[in-house]
**Student:** 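Below are the structure tokens for one structure; questions will follow.
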Amino acid sequence: MTAAAAALKEKGIDVIALSQGEPDFDTPEPVQNAGIAAIREGKTRYTPVAGVKPLREAIRQKLIRDNSLDYDIDQITVGCGAKQVVFNALFASLDPGDEVIVPTPCWVSYPDMVRLAGGEPVLVECHEHFGFKLKPADLEAAITSRTKWLMLNSPNNPTGAVYSKAELAALAAVLRRHDRVHVLADDIYEKLVYGVRFATMVEAAPDLIDRTLTINGVSKSSAMTGWRLGYGAGPIELIKAMNTIQGQTSSHTSSISQYAAIEAIGGNQNYIGDFVADFEKRRDLVVEKINEAQGLRCRTPDGAFYVFVNCAGVIGKVTPQGKVIETDVDFAMFLLEQFGVAVVPGSGFMASPYVRISYAATIEELQRACGRILAACEAVCESEKTYEQSKATA
Ligand code: PLP
């Protein structure tokens with residue numbers, strides 16, 4: 001969708017992109033300055049594979065401060081974004097045929113990463129009416145003798161769902177009955193929560209520390225997607241194996257990013273409050289407008305910067321161009337081509353019929369985009385009436 005939107009933009013068509021998975025804020029100035037200082041001070045050489053010590057120490061302190069998790073510095077590894085850390089973990093641990101439970105809707109990369117590492121993703125549907133969250137009974141039913149990991153992502157991409165500590169504890173109760181199953185807690189959106197408290201799995205179930213990998217990073221919380229820095233904390237043997245893999249692939253992430261991340265993680269983070277306040281206003285605007293659109297509905301998400309919109313009400317309807325909208329991909333293409341709004345079809349997140357709207361855009365852009373979405377829904381509903389009438393006459 002991003003490529004299709006860019007192609008239309010190149011032709012001079014006014015496209016509002018709500019497909020992006022990154023904050024639209026600039027990296028905060030103190031963090032930029034830390035990166036610049038690193039360059040000037042010659043911190044531009046190879047670093048240890050797991051990351052420079054002051055950074056891992058900053059991460060260690062962060063995990064104590066924010067999550068009450070006390071890891072040894074050698075239990076922490078830094079990679080090129082949370083993405084590489086997830087990949088390293090799967091690559092280091094999966095044998096052919098091992099299963100990984102992926103609650104859906106899920107981040108697009110999980111199933112493919114599992115396959116690339118030789119495993120099999122086991123998709124477990126989390127229903128909208130349960131807030132898109134995994135139910136303990138569904139987790140229990142999905143576990144087999146081949147299950148190696150449960151991937152948990154809270155706040156969630158694409159639904160914005162945030163698991164409470166009690167909900168995590170209920171999942172942990174199931175996991176205690178299956179000691180072969182590890183947990184990959186992808187906390188990358190931790191800081192972006194609205195009126196709810198974030199909790200991570202080990203905080204909810206400290207006894208699972210030896211089989212949980214806690215993953216986080218600076219991409220979303222400090223608007224640093226391009227700096228490529230994420231980290232994982234977990235059992236020492238797993239971390240060592242992940243470092244071995246990274247040592248033979250990327251070696252480490254940029255030294256400059258590492259020094260900037262020391263500031264992002266250990267320095268003053270007051271800017272996060274501003275990010276959150278802005279995002280919350282944008283979320284409320286999008287949720288209100290979307291729920292006014294004919295054929296669409298959405299929940300108010302508690303975290304991240306996405307609204308996951310149920311578009312079942314427009315499926316089967318006819319566009320003014322005479323095309324039946326059969327899937328969420330059709331609907332997303334219709335929005336893009338006829339109304340100049342780029343959103344991501346739910347099928348990419350293993351959930352249909354939905355579209356994901358990213359509200360990492362200005363209020364003005366969101367207002368204009370929502371106006372267009374409302375008009376698009378009205379157009380399909382109106383044209384369907386005409387279509388039905390012409391069918392009846394025929
Ligand atoms: N995990 C989830 C759920 C994400 O949505 C993303 C990015 O969109 C990532 C991980 C990757 O983050 P990073 O930029 O740190 O690689």
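As the structure is a computational prediction, the values presented were derived from the model and not from experiment. Just the heavy atoms: all of them, side chains too, but no hydrogens, waters or symmetry mates, feed the values below. All residue numbers in this chain count up from 1 along the given sequence.
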**Student:** Quick one: pull up CG in Leu374 and CD1 in Ile290 and give me the separation to the nearest 0.5 Å.
**Tutor:**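 Interatomic distance, Leu374 CG to Ile290 CD1, rounded to 0.5 Å: 7.0 Å.
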**Student:** Treating Ile, Leu, Val, Met, Phe, Trp and Tyr as nodes and any side-chain heavy-atom pair under 4.5 angstrom as an edge, say whether Val202 and Val85 lie in one connected cluster.
**Tutor:** no
**Student:** I'd like to know if the side chain of Arg356 and the backbone of Pro345 have a donor-acceptor N/O pair within less than 3.5 Å.
**Tutor:** no
**Student:** Go through the steps for Arg297 and Glu128 under the test salt bridge (charged side-chain N to carboxylate O under 4.0 Å, His left out), then give the verdict.
**Tutor:** CA-CA 11 Å; Arg297 64 156 203 262; Glu128 187 179 349; 3.1 Å; yes
**Student:** Rounded to the nearest 0.5 Å, what's the gap from CG on Asn157 to CG on Asn153? Could you check?
**Tutor:** 6.5 Å
**Student:** Among Phe25, Tyr189, Tyr194, which residue satisfies the ring-ring contact (aromatic ring centres under 6.0 Å, His included) criterion with Phe279?
**Tutor:** Phe25
**Student:** Looking at Lys148 and Glu99, is there a salt bridge between them, counting it only when a charged N and a carboxylate O are closer than 4.0 Å?
**Tutor:**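 Looking at Lys148 together with Glu99, the answer is no, because their closest N to O distance does not fall below 4.0 Å.
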**Student:** What residues form a side chain to side chain contact (heavy atoms under 4.5 Å, CB included) with Asp72, not counting sequence neighbours?
**Tutor:**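 Once residues adjacent in sequence are excluded, the partners of Asp72 under the side chain to side chain contact (heavy atoms under 4.5 Å, CB included) criterion are Asp74, Gln75.
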**Student:** Would the Tyr306 and Tyr359 ring centres measure less than 6.0 Å apart?
**Tutor:**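 No - the distance between ring centres of Tyr306 and Tyr359 does not fall below the 6.0 Å cut-off.
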**Student:** Please answer whether the main-chain N or O of Ile256 pairs with a side-chain N or O of Ser254 as donor and acceptor at a distance below 3.5 Å.
**Tutor:** yes
**Student:** Donor-acceptor pair, distance only, cut-off 3.5 Å: does the side chain of Arg283 make one with the backbone of Pro301?
**Tutor:** yes
**Student:** Does any pair with a residue in residues 41-66 pass ring-ring contact (aromatic ring centres under 6.0 Å, His included), and if so which ones, sequence neighbours excluded?
**Tutor:** none
**Student:** By ring-ring contact (aromatic ring centres under 6.0 Å, His included), which residues pair with Trp107, not counting sequence neighbours?
**Tutor:** Tyr110
**Student:** Would you say Lys62 has more than 12 foreign heavy atoms packed within less than 6.0 Å of its NZ?
**Tutor:**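 Count over threshold, so yes.
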**Student:** In this structure, are over 12 heavy atoms from other groups packed under 6.0 Å from Arg40 atom CZ?
**Tutor:** no
**Student:** Kindly give the heavy-atom pair with the smallest separation between Leu238 and Ala89, and that separation in Å.
**Tutor:**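 Closest approach of Leu238 to Ala89: CD1-O, 4.3 Å.
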**Student:** Is it the case that more than 12 heavy atoms not belonging to Lys191 sit under 6.0 Å from its NZ atom?
**Tutor:**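 More than 12 heavy atoms, drawn from other residues, nucleotides or ligands, come within 6.0 Å of this atom.
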**Student:** Considering only residues two or more places apart or on different chains, which pairs with a residue in residues 114-127 satisfy side chain to side chain donor-acceptor pair (under 3.5 Å)?
**Tutor:** Asp112-Arg115
**Student:** Any sub-3.5 Å donor-acceptor pair from Ser19's side-chain atoms to Val344's backbone N or O?
**Tutor:** no
**Student:** Between the side chain of Ser154 and the main-chain N/O of Asn156, is any donor-acceptor distance below 3.5 Å?
**Tutor:** no
**Student:** I need the Ile215 CD1 to Leu152 CG distance, nearest 0.5 Å.
**Tutor:**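 Rounded to the nearest 0.5 Å, the CD1-CG separation comes to 11.5 Å.
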**Student:** For Phe334, check ring-ring contact (aromatic ring centres under 6.0 Å, His included) against everything at least two apart and list the hits.
**Tutor:**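 For Phe334, the residues satisfying ring-ring contact (aromatic ring centres under 6.0 Å, His included) (neighbours in sequence not counted) are Phe339.
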**Student:** Does a side-chain N-to-carboxylate-O contact under 4.0 Å join Lys323 and Glu337?
**Tutor:** no
**Student:** Just by distance, with hydrogens left out, do Ser347 and Tyr354 show a side-chain donor and acceptor under 3.5 Å apart?
**Tutor:** no
**Student:** Between Arg211 and Asp179, is there a side-chain N and carboxylate O pair less than 4.0 Å apart?
**Tutor:**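 Looking at Arg211 and Asp179, the cut-off is not met.
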**Student:** Quick check for you: to the nearest 0.5 Å, what is the distance between Gln84 atom CD and Met242 atom CE?
**Tutor:**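 The distance works out to 9.0 Å.
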**Student:** For a side chain to side chain donor-acceptor pair (under 3.5 Å) check, start with the C-alpha distance between Gln258 and Thr253, then their side-chain angles and the critical distance, and finish with the verdict.
**Tutor:** CA-CA 7 Å; Gln258 293 187 47; Thr253 193; over 6 Å; no
**Student:** For Pro111 versus Pro121, what's the shortest heavy-atom pair and its separation?
**Tutor:** O-CG, 3.8 Å
**Student:** Nearest 0.5 Å please: distance from the CD atom of Glu57 over to the CG atom of Leu55.
**Tutor:**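 It is 10.5 Å, given to the nearest 0.5 Å.
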**Student:** Can you find a side-chain donor-acceptor pair between Glu190 and Ser221 that sits under 3.5 Å?
**Tutor:** no
**Student:** Transitive ILVMFWY cluster of Val196 at side-chain heavy atoms under 4.5 Å: who else is in it?
**Tutor:**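 Members besides Val196, by chain and number: Val162, Val193, Phe198.
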**Student:** Please list, chain by chain and in numerical order, all residues satisfying ring-ring contact (aromatic ring centres under 6.0 Å, His included) with Phe130, sequence neighbours excluded.
**Tutor:**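 Partners of Phe130 by the ring-ring contact (aromatic ring centres under 6.0 Å, His included) criterion come out as none, since no residue qualifies.
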**Student:** Run the ring-ring contact (aromatic ring centres under 6.0 Å, His included) test against Tyr71 and tell me which residues pass, sequence neighbours left out.
**Tutor:**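 ring-ring contact (aromatic ring centres under 6.0 Å, His included) check on Tyr71 returns nothing, list empty.
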**Student:** Restricting to non-hydrogen atoms, name the atom on Arg56 and the atom on Ala50 that form the minimum distance, rounded to 0.1 Å.
**Tutor:** CD-O, 3.3 Å
**Student:** Give a yes or no on this: more than 12 heavy atoms of other residues, nucleotides or ligands lie within 6.0 Å of atom CZ of Phe275.
**Tutor:** yes
**Student:** Leu171 vs Leu134, test: side-chain contact (heavy atoms from CB on, under 4.5 Å). Steps then yes/no.
**Tutor:** CA-CA 8 Å; Leu171 295 175; Leu134 179 64; 4.1 Å; yes
**Student:** Check whether Phe349 and Leu18 end up in the same hydrophobic cluster, where Ile, Leu, Val, Met, Phe, Trp and Tyr are linked by side-chain heavy atoms less than 4.5 Å apart.
**Tutor:**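 No; tracing contacts between hydrophobic side chains, which count when under 4.5 Å, never links both residues.
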**Student:** Hey, can you pull the donor-acceptor pairs under 3.5 Å for the side chains in residues 360-371, sequence neighbours left out?
**Tutor:**
residue, atom, partner, partner atom, Å
Thr362, OG1, Glu365, N, 3.1
Thr362, OG1, Glu365, OE1, 3.2
Glu365, OE1, Thr362, N, 3.0
Arg368, NH1, Asp14, OD2, 3.2

**Student:** Give a yes or no answer on whether the side chain of His252 reaches the backbone of Thr47 with a donor-acceptor pair at less than 3.5 Å.
**Tutor:** yes
**Student:** With sequence neighbours left out, which residue pairs that include part of residues 25-34 fulfil the side chain to side chain donor-acceptor pair (under 3.5 Å) condition?
**Tutor:** Thr27-Trp227
**Student:** Does a donor on one side chain and an acceptor on the other come within less than 3.5 Å for Glu203 and Asn67?
**Tutor:** no
**Student:** Using modelled atom types only, decide if a donor and an acceptor are shared between the side chain of Asp95 and the backbone of Gly97 within a distance under 3.5 Å.
**Tutor:** no
**Student:** A side-chain contact here means heavy atoms from C-beta on lying under 4.5 Å apart; do Val124 and Leu139 qualify?
**Tutor:** no
**Student:** Heavy atoms only: give me the nearest Ala34-Ala260 pair and the separation to one decimal.
**Tutor:**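 Scanning both residues completely, I find the closest heavy atoms to be CB-CA, 3.9 Å.
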**Student:** Starting at CG of Asp330, measure out to OG1 of Thr319 and round the result to the nearest 0.5 Å.
**Tutor:**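 Rounded to the nearest 0.5 Å, the CG-OG1 separation comes to 9.5 Å.
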**Student:** Would you mind listing every side chain to side chain donor-acceptor pair (under 3.5 Å) that reaches into residues 230-241, with sequence neighbours excluded?
**Tutor:** none
**Student:** Can you list the other members of the hydrophobic cluster that holds Leu336, where links are side-chain heavy atoms under 4.5 angstrom apart?
**Tutor:** Met1, Leu8, Ile13, Val15, Val329, Met333
**Student:** Counting N and O atoms only, with roles assigned by atom type, does the side chain of Thr212 sit under 3.5 Å from a partner on the main chain of Ile209, one being a donor and the other an acceptor?
**Tutor:** no
**Student:** Scan side-chain atoms only and decide if Gln321 and Gln338 contain a donor-acceptor pair under the 3.5 Å cut-off.
**Tutor:** yes
**Student:** Counting N and O atoms only, with roles assigned by atom type, does the side chain of Glu167 sit under 3.5 Å from a partner on the main chain of Ser164, one being a donor and the other an acceptor?
**Tutor:** yes
**Student:** Testing the basics here: between Val181 and Leu150, what is the closest heavy-atom pair and its distance to 0.1 Å?
**Tutor:** CG1-N, 4.1 Å
**Student:** Give a yes or no on whether the backbone of Cys298 and the side-chain of Asn291 come within a donor-acceptor separation of less than 3.5 Å.
**Tutor:** yes
